[in-house]
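Report on the structure given below.
These numbers come from the heavy atoms of this one structure, side chains and all, not from hydrogens, waters or symmetry mates. Residues: numbered from 1 along the sequence shown.
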Amino acid sequence: MQALPAPVMVWPDRSGRRRVYGARFLRLWPLRTAALLCLMLLTIPSPHAETLQEIQSLAVAGAPELAVRLLQQQEPARKDDPAGWMRWENTLVRILAERGDWSKLYVHLTRLPPDLAPPVSTWQQTWLARTLVELNRGAEARVLLRRLLWSGQDPNGKETAEWRRLVIQSYRVEERSDDAYAAMLRYRQDYGTGGPEDALLSGKILLDQGRPADAVEALSGVDTPAARSLLLLARLRSKQWRPSKVLHASRMMLGDKSLAPDVRQQCEAVTAEAAAEAGNAAAQAIALEHLFAAARGVPFDHELFKLTPDALWNAYLTYAKYVGNRAQMLIGDDAPWWKAARGAGRMYPIRARSIYALLALDGATVQTRDKAHDDLVKQLMQADDGAELVRQLYLHSSRFPTVADVPDGVRLTLLDPVIEAGNLALASQLITGLDEPPAGVDRFVWRLRKAKIFVLGGDHTHAAAVLDVLVHEGAKLARPQLDQLIQVLFDLQTIGENDTAYELFAVLEQQVSIAEVKRELWYWMGDSRYAQQRYLEAAALYLRSATMPGPQAMDPWAQTARYQAARALGKAGLVADAKALYQQLLAATDDAERQAVLQRDLQQLLLVKQ
C-alpha cells in the first residue's frame, strides 16, 4: 500500500494514484513547455527591474501566457514600491490587451485596489472602458467614460480625445451606427480630421453607414496597412475599383509577412468579399478558411464584415457546383464526385475540400455524407490551425444548430483539441451520445474517459450514468482497471458529489472480491460520509477498513483509518471512543512528531468535552 504524507500521520495515496491514472491516462491536460519554463524561471532569484525586462522579452518571444503568470507572481508590493508596482501593472495590462485576452483583463482591472488615486485611477478606468468596448459592452463603457469626461482629471486634454474615441467605438459595437456617426461629427468639430487612428475610425463608421465613397475620401492618403486594407474595401463597395482589381491588391497585401494579425484578418475579409463579387468562389473559400482558422485568436470586425462560417460552407458549395457543371456531374450521383475529389488531390486542395463539403451536405446516402465529413475534416486538420477551422465550421454554423447535430466522426476529431483548450463543458457536450469507442480504443478506456470528461465538464448526471454501468461490471475488472475507475470516483468526491460517489463505491464494493480493494473502498466511503458530516457512519466505515485484517491490526493503513475514525467520533460527540482510539495510536508509534500531534488532538478533544 502506497502512502500519502500528511502532517505526522500517513494517509492512503489518492494523489499518487491520480498521477498515474489521471490526466496522463485520459489525456486531459497535455504538458506545456511554457509551464515547465515558468517553474524553472521561478527558481531563479533576480531583482525586479531586471526580471521585468526579462518577462517582457518572454512575451515578445511568443510566450505571453508565461509572461503574465510571472508578472502576477513577482509583482512588487504597491505600498513598498508604488512606481515599480505601476510599471509591472502597465506591462501586464498591455500584454493581456495585445493577446486579446479581454475577459481576463476585465477581471484583473476590476480586482485592483479600490483606493487608487489619480492618475493611477484614471489609467485604470480608461483601460477598463477600453476593455468593455472590446467585450461589446458599450453601455457599461459609456458610464465610465462619462464619469471620466466630467471628472476634470485631464487638465491638458491629452486623454479626452481618447475617451471620446472610445465613446464612438462603444456605439459601433452596439451596432448603433447613427449614434456613432453623430459622435464622430462632434469629435471632428473639436479635433479636425486628426491622425491615422482617427481616419481609420471614421472610415469604419462611414462604411457602417453605407457611405463607401465618403470612406474613400477619409482614408485616402493615410499610409498604414490597416488604412490601405480598409481603403480597398471602400473602393470595392463604392464600385470605384473592379472586384478583380481589389482582389489582386488585397492578395498582394497578404503577401507581406510582417502584417499585424488584426490587419491580416481584415485583409482576408476584404479578399473574401472581393472574390465573391468577382465570382471567384475558390479564392473566396481560401480567404474564408484563413479568416476562420484564426478567428478565435484574432477576431475580425463583425460590424464591418457580416461573416459567419455559413459563408464558407456556401463558398465550398458554389465552387463545387461550378466544377461539377464543367464536368457535367449530377448531384445525387456520388461516384463521379468522389472520383473528382480524389483526383484533385494535393494539386487542387480547395477543389477537393469543396467537393467533400458538397458530398457531406448533399450526398445521396448517410454513409456518403458521413464519409465526406470525415474526409473534409481530415484535410482541414492537416493545416496548422485546422482544429479551429473545423470548430468554426461545425460548432458556429447554422447548418448544425446543436452539438448533437454534428456528425459523430467530427465530434471525435474535435474532442482532443477542445480538451486541450480547457473547454471541458464543450467536451462534455461533444462526447454525449458517442457510446461506441473509436476504432482501436478499448471499450472500458472509452467509457472511463467519457465519465472523466462529464465530471470535469460539470455534467454529473451523465457521469453518474456511465460510472453506474462500470461499477456494476466491477467483478469483471482487473486490478489496474479498478484503480482507474476509483480515480474517477475520487473526482466526484472532489467536486462535492459525495452522495453519488458513496453509492457507486458501495456498488463496487459488492462487486469486487479482492480484499485489499474492499478495504480501500470502505475508507473512501468513510471519506464521503465525513464530508457530509455524517460522522457516525464515517467512523464505522473507517474502523471497518482498519480492522479488516483483524481487530488489533496496526499496519500503516489501519493507523490512518483509526486516526480518521477518531476524528469522526470526536465530531460526533463520542469522546470516550475517540479517546480510546487516540490512545491506541499513541501506544502503536514511537515517532516523536506523530506522538506530539496525537497528544495535541487528544487535548483538544478533552477541551471540547469540558
**Request:** Apply the test side-chain contact (heavy atoms from CB on, under 4.5 Å) to residues Leu70 and Leu58: give CA-CA distance (whole Å), side-chain angles for both, the deciding distance (0.1 Å), then the verdict.
**Result:** CA-CA 10 Å; Leu70 291 173; Leu58 287 173; 3.5 Å; yes
**Message:** Give me each pair satisfying salt bridge (Lys or Arg N to Asp or Glu O under 4.0 Å) with a member in residues 453-462, each pair once, sequence neighbours excluded.
**Reply:**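 Passing the test, one end in residues 453-462: no pairs.
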**Message:** With salt bridge (Lys or Arg N to Asp or Glu O under 4.0 Å) as the rule and sequence neighbours excluded, what pairs involving residues 246-255 come up?
**Reply:**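 Sorted result for residues 246-255: empty, none.
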**Asked** Any chance NZ of Lys306 has more than 12 other-residue heavy atoms, nucleotides or ligands included, within less than 6.0 Å?
**Response**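 Yes - once you tally the heavy atoms of other residues, nucleotides and ligands closer than 6.0 Å, there are more than 12.
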What distance separates [X] [atom1] from [Y] [atom2], expressed to the nearest 0.5 Å?
X      : Y      : atom1 : atom2 : result
Leu109 : Trp127 : CG    : CH2   : 8.5 Å
Leu166 : Glu159 : CG    : CD    : 11.0 Å
Leu291 : Gln266 : CG    : CD    : 11.0 Å

**Request:** Determine the minimum heavy-atom distance between Thr131 and Trp102, stating which atoms define it.
**Result:**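 What the structure gives for the nearest pair is CG2-O, 3.3 Å.
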**Item:** Smallest separation among heavy atoms of Pro243 and Leu236, with atom names
**Value:**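 Answer, listing the atom of Pro243 first, then Leu236: CA-CD1, 3.7 Å.
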**Message:** Applying side chain to side chain donor-acceptor pair (under 3.5 Å) as the test, list every pair that has at least one member in residues 386-395; sequence neighbours left out.
**Reply:**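 For residues 386-395: His373-Tyr394, Glu388-Arg391, Glu388-Gln392, Arg391-His396.
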**Message:** For His302, give me all partners under ring pair (Phe, Tyr, Trp, His ring centres under 6.0 Å), at least two apart in sequence or on another chain.
**Reply:**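 With neighbours one apart ignored, the set is Phe300.
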**Asked** What residues form a ring pair (Phe, Tyr, Trp, His ring centres under 6.0 Å) with Phe305, not counting sequence neighbours?
**Response**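 For Phe305 there are no ring pair (Phe, Tyr, Trp, His ring centres under 6.0 Å) partners, ignoring immediate neighbours.
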**Asked** So do the side chains of Leu112 and Glu89 get within less than 4.5 Å of each other, counting heavy atoms only?
**Response**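 Yes - at least one pair of side-chain heavy atoms lies under 4.5 Å apart.
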**Asked** Could you go step by step and tell me if Asp491 and Thr494 meet the side chain to side chain donor-acceptor pair (under 3.5 Å) rule?
**Response** CA-CA 5 Å; Asp491 291 330; Thr494 300; 4.8 Å; no
Determine, for [X] against [Y], whether the closest basic-nitrogen to carboxylate-oxygen distance falls under 4.0 angstrom.
X      : Y      : answer
Arg164 : Asp198 : no
Asp115 : Arg78  : yes
Arg237 : Glu273 : yes

**Request:** Check the pair Asp499, Gln532 against side chain to side chain donor-acceptor pair (under 3.5 Å), reporting the backbone distance first and the verdict last.
**Result:** CA-CA 8 Å; Asp499 259 336; Gln532 294 173 303; 2.9 Å; yes
**Item:** Lys/Arg cation over aromatic Tyr106: Arg137, 6.0 Å, 45° cone
**Value:**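 So Arg137 does make the cation-pi contact.
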**Message:** For the backbone of Pro118 and the side chain of Thr122, can you confirm whether one donor and one acceptor N or O come within less than 3.5 Å of each other?
**Reply:**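 Not a single qualifying donor-acceptor pair exists.
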**Request:** Kindly say whether Met253 contributes a backbone atom to a donor-acceptor pair with the side chain of Asp256 at under 3.5 angstrom?
**Result:**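 A pair under 3.5 Å: no.
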**Asked** Looking at residues at least two apart in the chain, or sitting in another chain, which of them share a salt bridge (Lys or Arg N to Asp or Glu O under 4.0 Å) with Asp601?
**Response**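 Asp601 satisfies salt bridge (Lys or Arg N to Asp or Glu O under 4.0 Å) with no other residue.
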